[in-house]
Amino acid sequence: LQRYPPRSPDTGLKTFLGALAYHWWLMHTGHKIHPLALDDCPLHQFLAIQGHMHGEAALWHQAIHGTQENRIANRNLLAWLAKHAQHETQNKNGAP
């Protein structure tokens, strides 16, 4: 299991499902806090592109990059990403 996310310009997150998978993966690699600086994080860039830099998801994500473990922020962000991934998938498949 790779301990750090891949780092190259073409590994950006493109969907909420991808963002959810990335966040889940980081939560399960044994890191207590996020191993990357906020500005270097693919999820940070994804939230910016999606227009979610000023909402609760951005606050939770910022807290995850803090100096202490924040399980509540991790869980809240995971649930938020899951909700958006489900909505994105339903829209893609034409479900109401």
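All residue numbers refer to positions in the sequence shown, counting from 1.
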Undergrad: Any idea which heavy atoms bring Ala48 and Met53 closest together, and the distance?
TA: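 Shortest heavy-atom contact: CA-CG, 3.2 Å.
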
Undergrad: Only counting residues at least two apart or in another chain, list the ones meeting salt bridge (charged side-chain N to carboxylate O under 4.0 Å, His left out) with Glu56.
TA: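 Applying salt bridge (charged side-chain N to carboxylate O under 4.0 Å, His left out) to Glu56 gives none.
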
Undergrad: Could you see if Phe16 belongs to whatever hydrophobic cluster contains Leu59? Use Ile, Leu, Val, Met, Phe, Trp, Tyr and a side-chain cutoff under 4.5 Å.
TA: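 Not linked; separate clusters.
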
Undergrad: Sequence neighbours left out, what passes side-chain contact (heavy atoms from CB on, under 4.5 Å) with Gln86? Give chain and number order.
TA: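 Counting only residues at least two positions away or on another chain, Gln86 forms a side-chain contact (heavy atoms from CB on, under 4.5 Å) with Gln90.
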
Undergrad: I need the His84 NE2 to Thr89 OG1 distance, nearest 0.5 Å.
TA: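 These two atoms lie 12.5 Å from each other.
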
Undergrad: Does Ala73 have any side-chain contact (heavy atoms from CB on, under 4.5 Å) partners at least two apart in sequence or in another chain, and if so, which?
TA: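 Once residues adjacent in sequence are excluded, the partners of Ala73 under the side-chain contact (heavy atoms from CB on, under 4.5 Å) criterion are Trp60, Ala63, Ile64, Asn70.
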
Undergrad: Excluding sequence neighbours, so at least two apart, what forms ring pair (Phe, Tyr, Trp, His ring centres under 6.0 Å) with His61?
TA: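 Partners of His61 by the ring pair (Phe, Tyr, Trp, His ring centres under 6.0 Å) criterion, ordered by chain and then number, come out as His65.
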
Undergrad: State, yes or no, whether a side-chain contact exists between Gln62 and Leu38 at a heavy-atom distance under 4.5 Å.
TA: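 The answer is yes; the side chains approach within 4.5 Å.
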
Undergrad: Please find the pair of heavy atoms, one from Leu17 and one from Glu88, that lie closest to each other, and give the distance.
TA: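 For Leu17 and Glu88, the tightest heavy-atom pair comes out as N-OE1, 3.4 Å.
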
Undergrad: If you take all heavy atoms of Leu13 and Gly18, which pair is closest and at what distance?
TA: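 The answer is CD2-O, 3.8 Å.
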
Undergrad: For Ala19 and Leu43, work out which heavy atoms get closest and say how close.
TA: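 In this case the closest contact between Ala19 and Leu43 is CB-CD1, 3.7 Å.
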
Undergrad: Nearest 0.5 Å, please: how far is CG in Asp39 from CD in Gln45?
TA: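 Going from CD on Gln45 over to CG on Asp39, the span is 8.5 Å.
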
Undergrad: Check whether Trp24 and Met27 end up in the same hydrophobic cluster, where Ile, Leu, Val, Met, Phe, Trp and Tyr are linked by side-chain heavy atoms less than 4.5 Å apart.
TA: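 Yes; Met27 is reachable from Trp24 via cluster members.
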
Undergrad: Any chance you could measure His54, atom NE2, to Leu47, atom CG, to the nearest 0.5 Å?
TA: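 Nearest 0.5 Å value for the NE2-CG distance: 11.0 Å.
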
Undergrad: CD1 of Ile72 to CG of Leu77: how many Å apart, nearest 0.5 Å?
TA: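 CG of Leu77 is found 13.5 Å from CD1 of Ile72.
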
Undergrad: Between CG of Leu20 and CZ of Phe46, what distance do you get to the nearest 0.5 Å?
TA: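 Answer for the CG-CZ pair, Leu20 versus Phe46, is 10.0 Å.
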
Undergrad: What residues form a side chain to side chain donor-acceptor pair (under 3.5 Å) with Asn74, not counting sequence neighbours?
TA: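 Applying side chain to side chain donor-acceptor pair (under 3.5 Å) to Asn74 gives His23.
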
Undergrad: Sequence neighbours left out, what passes side chain to side chain donor-acceptor pair (under 3.5 Å) with His87? Give chain and number order.
TA: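 With neighbours one apart ignored, the set is Asn91.
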
